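Since the model is a prediction, treat every value here as computed from it, not as a measurement. Only heavy atoms go into these numbers, but all of them, side chains included; no hydrogens, no water, no symmetry mates. Proteins get letters first, then strands, A, B, ... in listed order; numbering begins at 1 in each.
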Amino acid sequence: MHDTLTDAAAPVEKPRYDFRLAEARWQQAWAERACFRVADVPDGTQSKYYVLEMFPYPSGKIHMGHVRNYTLGDVVARYKRARGHAVLHPMGWDAFGLPAENAARERGIHPAEWTWSNIATMRAELRRMGLSLDWEREFATCDPAYYGQQQRIFLDLLRAGLAERRESWVNWDPVDGTVLANEQVIDGRGWRSGALVEKKRLSQWFLRITHYAPDLLAALDGMERWPARVRQMQANWIGRSEGAEIRFPLAAPEAAIEAVEVYSTRPDTLFGMSFLAIAPDHPLAAAVAGRDAAAAAFIAECRRLGTSEATIEAAEKRGYDTRLRVRHPFLPETSFPVWIANFVLMEYGTGAIFGCPAHDQRDIEFARRYSLPVLPVVLPPGDDALAFTARMDGSDRAYDGPGTIIHSGFLDGMDANEAKRAAIAELERRGAGRGVVNWRLRDWGVSRQRYWGCPIPVIHCPACGVVPVPDAELPVRLPDDVRFDRPGNPLDDHPSWKHVACPGCGGAAERETDTFDTFVDSAWYFARFCSPKAARPLDRAAVDHWMPVDQYIGGIEHAILHLLYARFFTRAMRDTFYLDVAEPFAGLFTQGMVTHESYRDPDGRWLYPEEVERRADGSAAHRETGAPVTIGRVEAMSKSRRNTVDPGAIIDRYGADTARWFILSDNPPERDMEWTEAGVTGAFRFTQRLFRLAEAAAEIPPSPRPEMFGPPALTLRRAAHRAIAQVTEALEGFAFNVAVARIYELASALAEAERADPAATGLGWARREGAEMLARLASPMMPHLAEEILARLHPGSAVLAAELPWPEAEPALVAAQAVTIAVQVMGKLRGTIEMPPDAAEAVVIAAAASEPNVARLLEGRRVVKRVHVPNRIVNFVLGG
RNA sequence: GCCCGCCUGGCGGAAUGGCAGACGCAGCGGACUUAAAAUCCGCAGCCCGAAGGGCAUGGGGGUUCGAGUCCCCCGGCGGGCACCA
């Protein structure tokens with residue numbers, strides 16, 4: 001069906017736009033004229049604008065998500081350039097990461113070779129999209145020229161105390177011999193090896209993101225050009241909570257431990273306590289386990305179950321009674337049992353809680369299982385104390401709402417919030433605790449036991465400890481000769497790489513063999529783009545000029561990790577004097593996903609869209625075998641469901657402008673879009689229509705601008721200048737689908753003018769103007785076609801659409817010469833009247849009242865109010 | 001469980017509190033054609049109808065001369081966080 005669209009044998013009746021020749025030609029013209037190149041430190045007076053799309057991981061080929069991302073960014077870049085800004089619009093490669101190592105293990109290709117070959121493929125595909133990129137700034141993070149600079153920054157963070165080495169619990173895959181991220185643990189097993197993951201204590205490098213937690217949270221408030229949703233997600237992730245740290249003295253010290261510190265957001269419920277629980281990893285638990293084999297067994301069991309979400313979901317509250325007891329800060333005579341509990345996390349707060357079962361769901365589940373007391377101390381508003389207490393007795397639902405404090409000594413009668421303050425004040429007075437702010441955010445563990453990453457530039461010396469690699473010896477390069485046929489980190493396995501002399505004492509020492517988490521690479525690349533060739537990580541003048549990124553564009557999936565790391569790293573770089581901004585991205589836009597129908601054959605196998613033929617009745621069949629095909633849900637494109645469409649094939653068949661136009665026109669860019677064959681062919685038809693309309697206008701000989709315009713010419717000019725105003729407004733607001741709609745309207749107006757009497761005054765000039773405005777307004781979206789049209793309108797001219805300023809609308813033409821005013825009676829539309837703009841109120845109301853249908857309804861009725869909104873509406877309100 | 005979005009024709013969607021459905025896709029009718037494709041021009045929310053009415057933006061209330069838009073309640077869908085103390 002769609003083969004006819006590009007079938008060379010099909011009869012061609014009218015001049016047809018040959019996108020294949022044109023796109024290549026204009027891409028070359030832009031390159032020759034270096035239209036998109038900017039200096040690291042421009043000397044001009046142009047204001048700067050930095051547009052950046054999240055750089056791609058070179059996985060093999062580009063996908064539609066890339067096409068959407070880079071098209072959106074390119075529209076912004078081209079538009080801002082036309083508005084007179086010097087636009088920095090770079091591209092690079094997030095090139096370190098696990099898939100390259102997997103390719104090495106599975107296919108015997110070296111990670112570097114695999115990566116660079118993917119980059120070559122993807123670069124060629126991106127170039128075919130006609131993106132207005134400054135390709136001279138391109139870099140890949142796996143290049144020592146990049147990661148060596150990253151090592152310098154790290155060493156400065158280390159000197160500034162923002163990086164440190166410490167022991168922590170990690171997910172350890174005993175088969176692969178490596179640490180796994182939480183995301184790589186599936187149902188308690190390693191995602192690659194399938195081995196049961198163990199919790200293990202390892203020395204790891206941490207970046208102190210928690211140092212900036214208060215600022216990272218507070219600054220979110222001022223970030224008006226970020227989506228509220230992303231700010232909210234970051235705020236949740238940082239997770240500030242206010243509460244109290246409370247000291248519970250042990251009745252008898254255990255292995256020199258005299259007290260347990262507890263964090264609680266509910267100090268108002270202290271009198272409802274019935275036990276104290278500590279995490280299995282708590283030092284006190286370890287002390288108990290040292291003399292109590294049953295406790296040790298319980299702790300080991302908790303550890304074995306791990307921390308994956310699935311196991312947490314399934315796990316019941318389990319505990320072990322240590323037989324230890326703690327004293328209550330407000331009730332010195334009373335003591336409570338200390339349990340080790342599997343639901344208490346060492347990572348949050350102090351790794352210990354006081355259990356108040358009546359008002360905490362987890363605590364009540366635990367209390368019911370082990371028959372611990374449940375003492376209600378917060379009375380719900382309007383409830384009766386006796387009735388409530390009776391109801392809680394035997395209940396397994398905690399009450400965590402607001403209320404009045406009961407059974408709580410000096411707190412009795414207070415509102416819960418009031419009681420929190422009073423309890424903290426009393427704790428502080430007695431020296432038993434204090435009010436604290438607690439954060440959910442954890443320091444960023446960046447050590448990975450991987451080969452294909454940036455080496456962490458330190459040396460471990462038995463005599464000197466951790467020694468930074470001296471600046472002169474940077475970069476610490478990855479060795480090329482590594483083996484992937486054994487599990488574990490190839491760097492660790494390398495015969496010679498790690499053996500070095502200590503820079504301090506000259507003795508035998510070993511390199512750190514861990515490499516950085518790849519999120520470190522992407523935490524500062526945007527700043528490096530300002531001076532990609534600089535000998536230092538950043539050129540101060542360049543970053544001062546270009547940073548922050550004015551518009552950053554990418555997927556919502558990076559709402560937390562990447563964007564938070566980048567915000568942190570920028571602050572850390574500021575505090576080590578690399579630049580002078582705190583926020584890297586002044587504006588953030590998160591695009592929706594590209595989705596597609598999925599297809600299955602009768603055997604349930606997934607089919608690619610190109611294997612499937614849609615029929616007119618809505619059913620689908622296999623293109624070759626004719627077998628019926630089940631149409632599945634519309635969902636995100638993924639290789640496993642085979643519902644992907646290859647951008648390269650689309651560009652081959654329809655051209656880059658068509659792909660760009662469809663991806664922009666379908667729906668608002670922040671929402672998920674559905675890729676459909678019908679949508680692409682529709683976009684393709686429009687490129688042809690636009691070309692035909694412009695071609696016809698270009699055949700009209702140029703003439704000086706007429707003094708006068710007849711009615712059809714004036715109508716077209718009004719449409720053109722209204723389109724300028726409306727497209728501009730739409731582009732400013734990221735409403736690209738609306739901009740597209742306005743361009744369709746202008747195309748229709750031009751088509752209508754084509755049918756008017758060609759002798760009409762000024763019509764030829766107006767048609768040429770209309771065609772030119774169509775091209776220029778569409779140029780951010782369809783840059784090649786815009787150049788082609790402009791070249792035909794002005795043969796022999798070397799001016800490029802990419803270099804033209806944005807058109808200005810003539811106000812006289814944008815202003816309406818007549819307005820349609822809606823006339824309502826009692827708020828219901830009863831008619832419309834045509835009036836000159838800004839007519840006097842009395843005139844408008846008189847005209848409205850005499851509109852026949854309205855006059856009929858007003859007949860014999862008393863009008864108590866006349867509402868008049870100039871140029872919009874008249875509303876008659878009738879009495880009684 | 002907590003937090004945040006979203007809900008408008010057959011579909012994607014448009015609409016500073018002021019004519020709901022711009023524009024596109026699919027559909028229907030017409031022109032061109034021997035015919036088809038392509039192209040071009042029209043029509044098109046639902047119901048009753050002659051004029052003209054009535055009902056319509058998930059459901060129910062409210063504010064207002066006037067609500068898709070603002071407020072409250074309910075429902076559905078999607079997302080984020082989560083044994084977080």
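When distances run from any side-chain atom of Pro668(A) to the nucleotides C83(B), G80(B), A14(B), the shortest one goes to A14(B). You'll find that the side chain of Ile873(A) is closest to C19(B), out of C41(B), C19(B), A85(B). Distances were taken from every side-chain heavy atom of Arg692(A) (C-beta onward) to each of C83(B), C19(B), U39(B); the shortest belongs to U39(B). Checked against C83(B), C41(B), G18(B), the side chain of Val869(A) finds its nearest nucleotide in G18(B).
If you check C25(B) for Watson-Crick or wobble pairing at under 3.5 angstrom, you find it paired to G10(B).
A salt bridge between Arg442(A) and Glu347(A) is absent, with no side-chain N of the basic residue lying under 4.0 Å from a carboxylate O of the acidic one. Electrostatic pairing of Glu242(A) and Arg240(A) counts as a salt bridge here, judged by a charged N lying under 4.0 Å from a carboxylate O. Salt-bridge formation is not detected for the pair Glu365(A)/Arg362(A): no Lys NZ or Arg NE/NH1/NH2 atom is positioned less than 4.0 Å from an Asp or Glu carboxylate oxygen.
The nearest whole Å value for the distance from the CZ atom in Arg755(A) to the C1' atom in G42(B) is 10 Å. Atom CE in Met673(A) sits about 12 Å away from atom C1' in C25(B), given to the nearest Å. In this structure, Trp439(A) places its CH2 atom 19 Å from C1' of A82(B), rounding to the nearest Å. Look at CZ on Phe662(A): it is 12 Å from C1' on C11(B), rounded to the nearest Å.
Contact annotation: Arg440(A) does not reach the phosphate of C81(B) (side-chain N/O to OP1 or OP2, under 4.0 Å). In terms of phosphate contacts, Asn667(A) brings a side-chain nitrogen or oxygen within less than 4.0 Å of OP1 or OP2 of G13(B).
Scanning residues 259-272 of chain A for heavy-atom distances under 4.0 Å to RNA chain B yields Tyr263(A), Ser264(A), Thr265(A), Arg266(A).
Around the CD atom of Glu557(A), the shell of radius 6.0 Å holds more than 12 heavy atoms that belong to other residues, nucleotides or ligands.
Comparing the C1' positions of A14(B) and C28(B) gives a spacing of 23 Å, expressed to the nearest Å. Taking atom C1' on both nucleotides, G49(B) is separated from A38(B) by 41 Å, rounded to a whole Å. Taking the C1' atoms as reference points, U16(B) lies 11 Å from U69(B), given to the whole Å. To the nearest whole angstrom, the two P atoms, one in G13(B) and one in C47(B), are 25 Å apart. Of the C1' atoms belonging to C70(B) and G17(B), the separation is 8 Å, rounded to the nearest Å. Taking atom C1' in both A44(B) and A20(B), one finds a spacing of 16 Å when rounded to whole Å. Nucleotides G54(B) and A35(B), compared at atom C1', are 47 Å apart to the nearest Å. For G58(B) and A67(B), the P atoms lie 15 Å apart once the distance is rounded to whole Å.
Under the 4.5 Å side-chain criterion, counting only non-hydrogen atoms from C-beta, Trp444(A) is not in contact with Leu564(A).
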- Query: Passes ring pair (Phe, Tyr, Trp, His ring centres under 6.0 Å), Tyr654(A) versus Phe19(A)? Steps please.
  - Reply: CA-CA 8 Å; Tyr654(A) 302 103; Phe19(A) 63 83; 7.9 Å; no
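Taking the six-membered ring wherever Trp is involved, the centroid distance between the rings of Trp675(A) and Phe662(A) falls below 6.0 Å. When ring centroids are compared, Phe336(A) and Phe275(A) stay outside the 6.0 Å threshold. The distance between the ring centers of Phe686(A) and Tyr744(A) falls below 6.0 angstrom. With ring centers used as reference points, Tyr370(A) lies under 6.0 Å from Trp339(A). The distance between the ring centers of Phe354(A) and His328(A) does not fall below 6.0 angstrom.
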Could I get a table of every N or O pair under 3.5 Å where one atom is in the protein and the other is in nucleotides 22-24 of chain B?
from	atom 1	to	atom 2	distance (Å)
A22(B)	O2'	Glu745(A)	OE2	2.8

Could you run down the sub-3.5 Å N/O contacts of the protein with nucleotides 45-47 of chain B?
none

Which atoms of nucleotides 48-54 of chain B (N or O only) lie under 3.5 Å from a protein N or O atom, and what are those distances?
from	atom 1	to	atom 2	distance (Å)
G52(B)	O3'	Arg856(A)	NH2	3.3
G53(B)	OP1	Asn853(A)	OD1	3.4
G53(B)	OP1	Asn853(A)	ND2	2.8
G53(B)	OP1	Arg856(A)	NH2	3.3
G54(B)	OP1	Arg830(A)	NH2	3.4
G54(B)	OP2	Arg830(A)	NH1	3.2

Provide a list of protein-nucleic acid N or O atom pairs under 3.5 angstrom, restricted to nucleotides 2-6 of chain B.
from	atom 1	to	atom 2	distance (Å)
C3(B)	O2'	Gln232(A)	NE2	2.7

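Not counting sequence neighbours, the partners of Pro267(A) by the side-chain contact (heavy atoms from CB on, under 4.5 Å) test are Ala244(A), Ser264(A), Lys420(A), Ala423(A), Ile424(A).
For the residue pair Glu635(A)/Thr595(A), the side-chain donor-acceptor check at 3.5 Å is not satisfied. Side-chain contact annotation: Tyr263(A) with Ser241(A), donor-acceptor N/O pair under 3.5 Å present. For the residue pair Thr210(A) / Asp443(A), a side-chain donor-acceptor distance below 3.5 Å is found, with atom types taken as modelled. Between the side chains of Gln591(A) and Arg671(A), not a single donor N or O lies within less than 3.5 Å of an accepting N or O.
Mapping Val867(A) and Thr820(A) onto RNA chain B by nearest heavy atom places Thr820(A) closer to the 5' end of the strand. Nearest-nucleotide positions on RNA chain B place Ala678(A) closer to the 5' end than the other of Ala678(A) and Ile353(A).
Against the 90° criterion about 0, the sugar-base torsion of G9(B) places it in the syn range.
His562(A) and His558(A) have perpendicular rings, their planes meeting at more than 60° on a 0 to 90° scale where under 30° would count as parallel.
A donor-acceptor contact shorter than 3.5 Å is absent between the side chain of Asn871(A) and the backbone of Pro837(A).
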